[in-house]
Amino acid sequence: MEDSVLEFGLRWGAAGSATLLLAQGVCSLVLGEHVAEEREANEDGSLIWREEAGVTKLVPKFPARSGAEASERLAKYTMREVSGHNTRGDMWIVVDGLVYDVTRFVDKHPGGPLPIENMAGKDCTDAFANYHAARVYKNMLPAFLIGEASDYKEGICPHVMDFRAVRQELLRRGLFETDPRFYAKMGTWYVFLFSSALHLSLYGQWSTRLAGAVLMGVFWQQLAGLGHDLGHSGVTHVFWKDHLIGSVLASLMGISTCWWKRNHNTHHIVCNSIENDPDIQHMPICAVTPEVWSKPYWSTYYEKWVAMDSFGHWAVSHQDRLYLLVMSLARFNLYVQSVAHLLSKNAMHYRKTELIAFIVYFSWLSAVVLSQKYVIVGVLWLLISHATSGLLHVQITTSHWAMETYHGRAYNDEKDEWYMTQLKTTMNIDTHPWLDWVHIGLQFQIEHHIYPRLPRHSLRKARVLVKAVCEKHGIGYHEPGFIEAVGETLQALAAAAKHARVSKRGKSGFYESALWDGLTLTG
């Protein structure tokens, strides 16, 4: 009886969502795409467009000072002086030319301490604008204000001014505002995928059940797009709302939003930094460049030394051949990373919510696997579903692994400021608009890295403006097709693997790159 009720519910859930999805598609064709509300051009230099809870607002560019401090002259510091305050116990940042001492706030930062640590002593204007709502400027920044950077304007490059103008134009046109119809369609799509995947996986012949495994993998890959949007507060644009929704969705997604935020926020700030970006720190499994093992280094994210041991030497030497296999199993690593983070002593929001969500997730996942009539079918279902979702990991790695890497921290001058760093370390995927749903927004990684709170459905429009600025200033903008991008990733891994095969043990006892010897005239 229970099976028949479940089967009936899943069948009608799939049929009903498919019908609703078709109706939504027809409505979109008839009514046309959502047109955001455009504002009048801002002619007042003291005002600036910012975003608050997903709504564009024209607000004062500089936070107001109150009380006795309002009449006091701000102390003046050079950018060089500010750069010296870059330790955990002494952190200053610059936003719009004003200097803030955020030392006492770093451990309270909702995005974790690592983004601030990696921006300490630097101009954070663009990174700050693209991660914070208007209320943060108004209500929080004034408490940390200590002065102004006397030589700030001298360091602003023409292309930076143009990229900032693009952000202002996107805000003016209302493109930071979420289109509820987009997520209504996506929600219906998720219901269809999940209902269909469960129905196929639980009923019918073994071949039908394995087809359900494929569909479940597609569901996980697609739902990760929503998780990504929520992680960037790009749906409701309210931190706690998007975070809570993402944490609850761990019951279906199997990925911790708490872990993801700590990992991904850091990745965005230090994209492709060998010592600081967790998204390219995958030893002993793989290394995107010989610089990863040139010498043992300290990972600021994992807080441990990273070096190439014997297993790492073998794995990296064959990483181009193992790439697709590793990607097909990568989802299991996300489980380990998520649960380990939730059980750690790291400060986080909604820990208990996510722990309960993971109990739910592993309960229904285990039930599906154990419901298969034969053990081999259950094992195959588990492997096929996870291998299919491996498309997500291919999409993520192709965005960065073939691009430039660097040592230490960026944002030192015009060659590696916010926009140049993102453009050097990130690529887009050239795809037809009809296939945007396949890539879940990851085809516009350049625009996403430059303006991370911009909703997914606005990224294609932002692409036009960003490309125009790059063409104007002769800045590289890399956008190969998907197959070509995978090929470039494999070539980068193969090049690193070639160096690994000729690497030798150094004085540290670990394998070190022969390339390093050549660069430093040692050996």
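Below, all heavy atoms of this structure are taken into account, side chains as well, without hydrogens, waters or symmetry copies.
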Should [X] and [Y] count as side-chain neighbours, where that means a heavy-atom distance under 4.5 Å?
X	Y	value
Glu417	Asn412	no
Val59	Lys138	no
Tyr301	Asn276	no
Arg88	Val106	yes
Val394	Thr489	no
Gln222	Leu193	yes
Phe62	Ser46	no
Leu392	Leu442	yes

Sub-3.5 Å donor-acceptor pair from the side chain of [X] to the main-chain atoms of [Y], do we have one?
X	Y	value
Arg453	Tyr451	no
Ser344	Asn346	yes
His232	Gly234	no
Arg262	Met348	no
Ser458	Leu454	no
Lys472	Asp162	no
Asp101	Phe144	no
Asn263	Trp259	no
Arg39	Leu171	no
Thr257	Gly246	yes

Take Phe105 and Tyr100, measure what side chain to side chain contact (heavy atoms under 4.5 Å, CB included) needs, and give me the verdict at the end.
CA-CA 11 Å; Phe105 179 72; Tyr100 299 89; over 6 Å; no
Strictly under 6.0 Å, is that where the ring centroids of Phe482 and His439 end up?
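Ring centres of His439 and Phe482 closer than 6.0 Å.
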Kindly say whether the aromatic ring centers of His386 and Tyr335 come within a distance under 6.0 Å.
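Ring centroids of His386 and Tyr335 are less than 6.0 Å from each other.
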Ring-plane angle category for [X] and [Y], please: parallel below 30°, perpendicular beyond 60°, tilted otherwise.
X	Y	answer
Phe163	Tyr419	parallel
His132	Phe128	parallel
His448	His268	perpendicular

Please report the shortest heavy-atom distance between [X] and [Y], naming the atom on each side.
X	Y	value
Cys258	His243	SG-CE1, 3.7 Å
Thr236	Lys241	OG1-CB, 3.5 Å
Ala120	Ile93	CA-CG2, 4.3 Å
Glu447	Tyr477	OE2-OH, 2.5 Å
Glu414	Met420	O-CG, 3.5 Å
His449	Trp418	O-CZ2, 3.2 Å

Please check if any side-chain donor atom of [X] sits under 3.5 Å from a side-chain acceptor atom of [Y], or the reverse.
X	Y	value
His478	Asn428	no
Lys261	Ser256	no
Ser233	Tyr131	no
Thr188	Gln24	yes
Asp151	Thr78	no
His267	Asp277	yes
Gln281	Ser299	yes
His237	Glu177	no
Gln443	Gln395	no
Ser247	Glu354	yes
Asp229	Tyr183	yes

Drop me the distance from [X]'s [atom1] to [Y]'s [atom2], to the nearest 0.5 angstrom.
X	Y	atom1	atom2	answer
Met403	Ile280	CE	CD1	12.5 Å
Thr266	Leu114	OG1	CG	4.0 Å
Glu275	Thr405	CD	OG1	9.5 Å
Ser385	Trp220	OG	CH2	4.0 Å

Given the rule in the side chain to side chain contact (heavy atoms under 4.5 Å, CB included) test, do Leu423 and Cys470 qualify, once you have shown the distances and angles that lead to the verdict?
CA-CA 9 Å; Leu423 284 159; Cys470 289; 3.9 Å; yes
How about Trp12: does its CH2 atom have over 12 heavy atoms from other parts shown lying under 6.0 Å from it?
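Atom CH2 in Trp12 is not packed in, count stays at 12 or less.
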Salt bridge present between [X] and [Y] (N-O < 4.0 angstrom):
X	Y	result
Arg463	Glu479	yes
Glu38	Arg172	yes
Arg460	Asp436	yes
Asp430	Lys467	no
Lys57	Glu52	no
Asp416	Lys122	no

Begin with the C-alpha distance, continue with both residues' side-chain angles, and end with the deciding distance and a verdict on ring-ring contact (aromatic ring centres under 6.0 Å, His included) for Trp364 and Phe194.
CA-CA 12 Å; Trp364 71 256; Phe194 189 61; 5.3 Å; yes
State whether Phe176 and Arg167 meet the cation-pi test: NZ (Lys) or CZ (Arg) under 6.0 Å from the six-membered ring centroid, and within 45° of the perpendicular axis.
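Here Arg167 passes the 6.0 Å and 45° test against Phe176.
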Determine, stepwise, if the pair Thr397 / Tyr323 fulfils side chain to side chain donor-acceptor pair (under 3.5 Å).
CA-CA 10 Å; Thr397 55; Tyr323 173 71; 2.6 Å; yes
Thr421 vs Tyr406, side chain to side chain contact (heavy atoms under 4.5 Å, CB included): CA-CA, chis, key distance, verdict:
CA-CA 10 Å; Thr421 294; Tyr406 58 94; 4.1 Å; yes
Apply side chain to side chain contact (heavy atoms under 4.5 Å, CB included) to Ile446 and Gln422, showing your working.
CA-CA 7 Å; Ile446 290 176; Gln422 308 307 326; over 6 Å; no
